[in-house]
Amino acid sequence: MPNTADTGPDAPIDVTPLLDDPYATYAALREAGPVHRITGPDGTPAWLVTRYDDVRSGLADPRLSLDKRHAAPGGYQGFSLPPALDANMANMDPPDHTRIRRLVAKAFTPRRIEALRAPVRKTADALLDAMAERGRADLIADYAGPLPITVICDLLGIPHRDRRDFLAWSDALITPDPSRPGLMKEAIGAMQEFYTGLIAAKRAEPGDDLLSDLIAVRDDPAVGEAAAGGSERLSEDELTSLAFLLLFGGYENTVHLIGNAVLTLLDHPGQLRRLRHNPAELPAAVEEFLRFDGPGPLALRRFPREDLEIGGVRIAAGESVLLSIASANRDPARFADPDTFDRGRDLSGHLALGHGIHYCLGAPLARMEAVIALEALLGRFPGLRLDVLRGDLRHRRSLRSRGLISLPVAF
């Protein structure tokens, strides 16, 4: 843990403890103060907000922009993505964010999500069939990973042959290899080439999938004309960036949600037995999995449009602000006994999927996938157990995502 005696707002702290022991470190930081100056893994400074009320307010504060153009000169620039991948909702404020979200929301209606339920269960059962033959598996590589990538690729209409490449690109972006500094740049270039080619192929031969629908919206001048006479169509960069964001977000968060949930149940065998016998309780349990050990420790980086105060700390316009969802969801001022997994608690205010206008658009799909994945797994393998010492499990060393590198199990 950091030396909290030296973590005043003007004393930058090292983030290594947040990678090694995040929840104990966040507890110490919350106790020391609501906002802390940190130096991120990329060497750029940022303000880390740790207490529930401040994080929740910050998520909905229009003065905190997602647009990197509001960053101070010489400050954070992110992955330096090309425009064809960077013009997405994760970097936008209203009105552009509102326009694009309105178009994409049509893909995540309750009816469309419900229509995916049977295909998701079919995919889960097929993956479990393959695992059952061996008697042991890496639950991340063999189940928690393939399930969401199959679902989101089917939704977007991405060919099976391209899915393994996407997993490698995703790893290069989320957990860069310090020994291979050029790997991230290569992955970004490969992603741009892939999405550009995929969109061109679907223009020539549309399919029954979300990406073909979005291309139709982009190409039809009669679609989406605003009442005031301005067009609400997607630009070409916005179309490509949207495909990138949907695939990336639809995979990364769900794989870690499922993996973290299974580990939590293996750590709480009584809860595992109860859920196996009462699968109707799984939707409520998923909310506690999200709060207790969610896949996204930090909200998307924000940049104040003006000088402002958070938790009594003055933050200048353009500085980086990191809102810690992981810390807020373990704040005892909001959740009693927060370090205990308790499916019976009031979970209405957890922030694992965001808050405000940037609330996760794919939340219903992620919840549905997690419930089905857990129900199928627990029902198939009543003897599910860890196949490695608990202390040998390792999480990805990333502030962007909270997930296991592998989860060896036997059954």
Side-chain angles (χ1 to χ4, degrees), residues 1-2 4-5 7-13 15 17-18 21-38 40 45-66 70 90 93-94 97 253 284 287-360 363 399-400 402:
M1 291 187 295
T4 54
T7 55
D10 295 321
I13 62 172
V15 299
L18 288 173
D21 192 6
Y23 294 114
T25 304
Y26 279 128
L29 291 174
R30 281 194 309 269
E31 182 67 22
V35 182
H36 299 270
R37 190 75 163 166
I38 70 168
W47 294 99
L48 180 69
V49 183
T50 60
R51 294 180 182 173
Y52 179 89
D53 287 344
D54 295 323
V55 171
R56 189 175 189 275
S57 296
L59 289 170
D61 192 336
R63 297 174 301 170
L64 293 175
S65 171
L66 291 178
H70 290 286
D93 305 320
H97 174 271
N253 288 331
E287 299 308 308
E288 176 66 344
F289 293 134
L290 283 163
R291 182 206 69 85
F292 182 73
D293 195 15
L298 299 173
L300 295 169
R301 189 180 297 249
R302 282 153 164 82
F303 308 95
R305 296 171 179 268
E306 60 191 57
D307 294 353
L308 49 75
E309 281 192 6
I310 299 178
V313 175
R314 191 73 173 172
I315 299 176
E319 294 192 288
S320 290
V321 175
L322 298 174
L323 304 170
S324 176
I325 291 172
S327 181
N329 281 340
R330 294 282 190 109
D331 188 343
R334 176 59 182 83
F335 299 103
D337 197 13
D339 296 323
T340 298
F341 178 75
D342 178 6
R343 295 184 296 108
R345 71 170 74 247
D346 174 14
L347 290 160
S348 58
H350 81 71
L351 302 175
L353 297 169
H355 173 66
I357 65 170
H358 296 288
Y359 185 82
C360 178
L399 291 181
R400 297 179 60 86
R402 166 77 174 170

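Numbers for residues simply follow the sequence, beginning at 1.
- Here T50 contributes atom OG1 and R30 contributes atom CZ; the two are 7.0 Å apart, rounded to the nearest 0.5 Å.
- Formation of a donor-acceptor pair under 3.5 Å by the R334 side chain with backbone atoms of H350 is not found in this model.
- The two residues A316 and P304 have their closest heavy-atom pair at O-CG, 3.8 Å.
- Checked against I310 for a side-chain contact (heavy atoms from CB on, under 4.5 Å), the options V55, D61, V321 give a single hit: V321.
- Under the 4.5 Å side-chain criterion, counting only non-hydrogen atoms from C-beta, H97 is not in contact with L66.
- A pairwise comparison of heavy atoms in L322 and A46 identifies CD1-CB, 3.9 Å as the closest pair.
- A 4.5 Å side-chain heavy-atom check between R291 and P338 finds at least one atom pair inside the cut-off.
- Judged by a 6.0 Å distance limit and a 45° cone about the ring axis, R330 is not positioned over the six-membered ring of Y26.
- One finds the OG1 atom of T25 at 8.5 Å from the CD1 atom of I13 (value rounded to the nearest 0.5 Å).
- Here the CG atom belonging to D293 is positioned 11.0 Å from the CG atom belonging to D339, to the nearest 0.5 angstrom.
- Looking at D342 and T340, their side chains never bring a donor and an acceptor atom within 3.5 Å of each other.
- Contact record, A336 with R345: O-NH1, 2.7 Å, taken as the closest heavy-atom pair.
- Side-chain contact between W47 and R37 is present, with heavy atoms from C-beta onward closer than 4.5 Å.
- In plain terms, the two heavy atoms of D307 and A317 that are nearest each other are OD1-N, 2.8 Å.
- Closest non-hydrogen pair, A352 versus N329, comes out as N-ND2, 3.5 Å.
- The two residues R302 and L323 make their nearest non-hydrogen contact at CD-CD1, 3.7 Å.
- Looking at V49, L59, V313 one by one, the single match for side-chain contact (heavy atoms from CB on, under 4.5 Å) with D54 turns out to be V49.
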Practice prompt. Take D53 and R51, measure what salt bridge (charged side-chain N to carboxylate O under 4.0 Å, His left out) needs, and give me the verdict at the end.
Written response: CA-CA 6 Å; D53 287 344; R51 294 180 182 173; over 6 Å; no
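- Within the model, atoms OG of S327 and OH of Y23 stand 10.0 Å from one another, a figure rounded to the nearest 0.5 Å.
- Relative ring orientation between F341 and F292 is described as perpendicular, the plane-to-plane angle rising above 60° on a 0-90° scale split at 30° and 60°.
- Contact check for L18 versus L48: side-chain heavy atoms found under the 4.5 Å cut-off.
- Rounding to the nearest 0.5 Å places CG of L353 at 8.5 Å from CD1 of I325.
- To the nearest 0.5 Å, atom CZ of residue R305 and atom NE2 of residue H70 are 4.0 Å apart.
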